[in-house]
Protein chains: 2
Amino acid sequence: MLDSKLLDRLKDSKLKVTLPRRIVLEILSEADKPLNPYEIVDLAKANGKKIDTVTVYRIMDAFEDSNIVHKLKGQSKYMICEHPCDDHCHHQFICDSCGDVSDLHISDESFIGELIKKFPGIKIEAHYFEFSGLCKNCN
Amino acid sequence: MLDSKLLDRLKDSKLKVTLPRRIVLEILSEADKPLNPYEIVDLAKANGKKIDTVTVYRIMDAFEDSNIVHKLKGQSKYMICEHPCDDHCHHQFICDSCGDVSDLHISDESFIGELIKKFPGIKIEAHYFEFSGLCKNCN
DNA sequence: CTTTCTGCAAAAGGTTTGCAGTTAG
DNA sequence: CTAACTGCAAACCTTTTGCAGAAAG
């Protein structure tokens, strides 16, 4: 089921609430990692729901404009933006062995602070950290 | 002119020293930012030198394998790798305003060390850091 | 002389555009 | 009812593959 808070975010935007948009939101919120449009279409199909890839591209554009999702700059992957006003900051650890993805609760300051010191003048608005390796169960 | 140290890196690898490879190296070393294959072809043309795009793609693959260039994750942009290092680890800063991408040479230890302390038992094999905001020119 | 490399053509993959029909508000 | 949205087709751009000829070592 689609989380009601997410649905509210969609309602609060100037976007119309349509079936494809609900499906995309549901898939993104259930995914534990960023997804690209093709992956979203595939997951939808796996759930018995068909959406056109082009539609997903357009939905992602609209969601990005409305700050509902965050697009990873490098990859064309998207993830739900949980703290729209705070920042689009994410830290995750992906186990190469069992595939488990965990969200790391690490303090931003220790990472970001050092960076600012090293590169004075820049302003960091968002960040995404991804680590992979072996989790403590698989190590 | 092509820097002799760079040329040596090419000679030291198992790759043959060919004209297209010299051109690519020269362009990359003169560029102050990461370039994608199309940009390399265009800059070559601007210097009166014609290379096929496919050739550039293949050259970049070979250079990456030989640790001569570093590929920015996702961006399909390449830059001369001054510190031939573990190519699984990337730190990039993307300016939201001018789109400039810079690769940050920050020590892994400061970032990774803290993480290991906090999550004992995990083994980190690769990481990807992405920061975005405003570069010092746009800030 | 052998193996690697290049350039061309074509295929494959990812993303965007145009348009007619549909649906939310 | 109207503006926004979807789905399909097709265009477009990026990247990969296959192959014959050229060049490096």
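In the text below, chain A, chain B and the rest are named by the order of the sequence lines, each starting its count at 1.
- Ile68(A) places a side-chain heavy atom less than 4.5 Å from the side chain of Leu25(A).
- Using a 4.0 Å cutoff on non-hydrogen atoms, the parts of residues 11-18 of chain A near DNA chain C are Lys16(A), Val17(A), ordered by number.
- Separating the CZ atom in Arg9(B) from the OG atom in Ser66(B) is a distance of 10.0 Å, to the nearest 0.5 Å.
- The separation between Glu64(A) atom CD and dT15(C) atom C1' is 14 Å, rounded to whole Å.
- Arg21(B) comes within 4.0 angstrom of the backbone, heavy atoms only, and of no base.
- A 4.5 Å side-chain heavy-atom check between Lys11(A) and Leu7(A) finds at least one atom pair inside the cut-off.
- When rounded to the nearest whole Å, the span between OH of Tyr38(A) and P of dT16(C) equals 11 Å.
- To the nearest angstrom, P of dT17(D) lies 9 Å from CG of Asp61(B).
- dT15(C) atom C1' lies 15 Å from atom CD of Glu39(A), rounded to whole Å.
- Leu19(B) places its CG atom 17 Å from the C1' atom of dG25(D), with the value rounded to the nearest Å.
- How far CG of Leu35(B) is from CE of Met60(B): 8.0 Å, rounded to the nearest 0.5 Å.
- Toward the 5′ end of DNA chain C lies the nearest nucleotide of Arg58(B), the other residue of the pair Arg58(A) and Arg58(B) mapping further downstream.
- In this entry the distance linking CG of Leu10(B) with P of dA24(D) reads 13 Å, nearest Å.
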Fill in: From CA spacing to verdict: side-chain contact (heavy atoms from CB on, under 4.5 Å), Val54(A), Arg58(A)
CA-CA 6 Å; Val54(A) 175; Arg58(A) 289 196 263 229; 3.2 Å; yes
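- Rounded to the nearest 0.5 angstrom, Leu28(A) CG and Leu6(A) CG are separated by 9.0 Å.
- Residues Lys123(A) and Lys136(B) form no side-chain contact, since every pair of their non-hydrogen atoms from C-beta on lies 4.5 Å or further apart.
- For the pair Ser29(A) (side chain) and Glu26(A) (backbone), a donor-acceptor distance under 3.5 Å is present.
- Contact of the His70(B) side chain with the Glu64(B) side chain is not registered, since no non-hydrogen atoms from C-beta on lie closer than 4.5 Å.
- Going from atom CD1 of Ile23(A) over to atom OG1 of Thr55(A) covers 10.5 Å, rounded to the nearest 0.5 Å.
- Residues Asn139(B) and Ile122(A) form no side-chain contact, since every pair of their non-hydrogen atoms from C-beta on lies 4.5 Å or further apart.
- Between the C1' atom of dC5(C) and the CG atom of Leu25(B) lies a distance of 15 Å, rounded to the nearest Å.
- Heavy-atom distances under 4.0 Å link DNA chain C to Lys50(B), Ile51(B), Asp52(B) of residues 43-53 of chain B, given in residue order.
- Summary of helix geometry: the two end axes of the helix from dC1(C)-dG25(D) to dG25(C)-dC1(D), each defined by five base pairs via their C1' atoms, are inclined to each other by 40° (rounded to 10°).
- Distance Tyr57(A) OH to dG13(C) P: 13 Å, rounded to the nearest Å.
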